[in-house]
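This is a predicted model, so every value here is computed, not measured. Numbering of ligands and ligand atoms starts at 1, following listing order.
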Amino acid sequence: MIRSYDTIEVILERATEEPMDIIKQAAGLTVGKEIKSDGIVKSLLKKNHTSLFEHVNYTFLIKGASRSFLAQITRHRIGSFTSGSQHYQDYTDKDFVMDEQHSTGNEFIIQRMLQCYKELRARNVPRYEARQALPMGIENDLMWTVNARSLVNFLNLRMCLRNVPEMRTVAEKVGRVAYWHFPQLFSEVGPDCVMSRCKQGEMACGQEYVAEMPY
Ligand SMILES: Cc1cc2nc3c(=O)[nH]c(=O)nc-3n(C[C@H](O)[C@H](O)[C@H](O)COP(=O)(O)OP(=O)(O)OC[C@H]3O[C@@H](n4cnc5c(N)ncnc54)[C@H](O)[C@@H]3O)c2cc1C
């Protein structure tokens with residue numbers, strides 16, 4: 001089946017409970033006094049004293065994004081990843097993910113591409129070799145554990161309109177989940193044009209950033 005990016009699921013499997021409490025405790029420890037105000041989060045972000053956010057952790061399940069997405073997200077080295085295996089699993093019946101605007105009308109070409117893997121498997125080529133014929137758009141499930149500091153960096157970089165639509169779709173879904181868990185931090189986070197100012201120079205998109213709430 002050919003699916004569009006809006007079918008990608010971002011599920012929060014685990015997160016640090018009461019993130020505000022642990023941040024206040026850590027900040028209080030640095031200055032030797034009790035911190036009571038939630039405003040500490042904004043202050044730490046502004047001062048770039050963001051190492052304290054490393055005490056807050058998330059584990060996301062990202063279901064149904066593509067292998068090209070996997071190649072991009074794993075560039076974010078401060079985090080832990082577990083991906084579906086093309087060695088152990090057969091990919092004959094897996095879905096293909098692509099922007100609907102571009103897949104529509106091109107279904108025959110996409111099916112022809114997927115057929116190569118199926119034919120290699122039918123000829124008893126092992127999964128770990130037949131996988132070489134799989135397209136980048138083949139679906140994948142991924143577990144991602146990341147701390148809040150690294151997540152701020154990820155959202156800052158990946159919500160930017162210079163990213164490909166699939167990455168932006170996932171980044172916005174992740175951002176939304178993180179916001180509902182820790183609004184004091186993630187209401188302050190977005191691409192540079194939202195957080196401070198665009199640094200892209202001549203590569204700037206020139207568009208106004210518009211996203212669904214909470215961004
Ligand atoms: C719009 C866009 C286009 C891109 N295009 C390309 C491309 O064409 N080709 C390409 O290869 N990549 C590309 N990237 C990926 C990009 O270069 C980064 O690899 C990716 O965004 C991860 O960012 P990061 O290093 O900040 O994250 P992480 O790896 O999570 O690192 C977080 C932070 O830790 C520090 N850090 C981590 N590792 C080191 C280290 N070894 N040494 C010093 N400091 C370290 C840095 O401060 C870094 O910002 C693109 C990214 C974006 C957003």
Q) Taking any residue with a non-hydrogen atom under 4.0 angstrom from an atom of ligand 1, which ones do you get? A) R75, H76, R77, I78, N153, L157, R158, N163
Q) With R67, which residues qualify under salt bridge (charged side-chain N to carboxylate O under 4.0 Å, His left out), at least two apart? A) none
Q.
Tell me the closest heavy-atom pair linking T30 and A27, and the distance in Å.
A. OG1-O, 2.6 Å
Q: Would you please name every residue forming a side-chain contact (heavy atoms from CB on, under 4.5 Å) with C116, sequence neighbours left out?
A: A133
Q. Can T92 and R121 be counted as having a side-chain donor-acceptor contact under 3.5 angstrom?
A. no
Q: Please state whether the rings of F182 and F186 are parallel, tilted or perpendicular, taking 30° and 60° as the class boundaries.
A: perpendicular
**Q.** Pairs where residues 29-38 contributes a residue and the test salt bridge (Lys or Arg N to Asp or Glu O under 4.0 Å) is met, not counting sequence neighbours
**A.** K24-D38
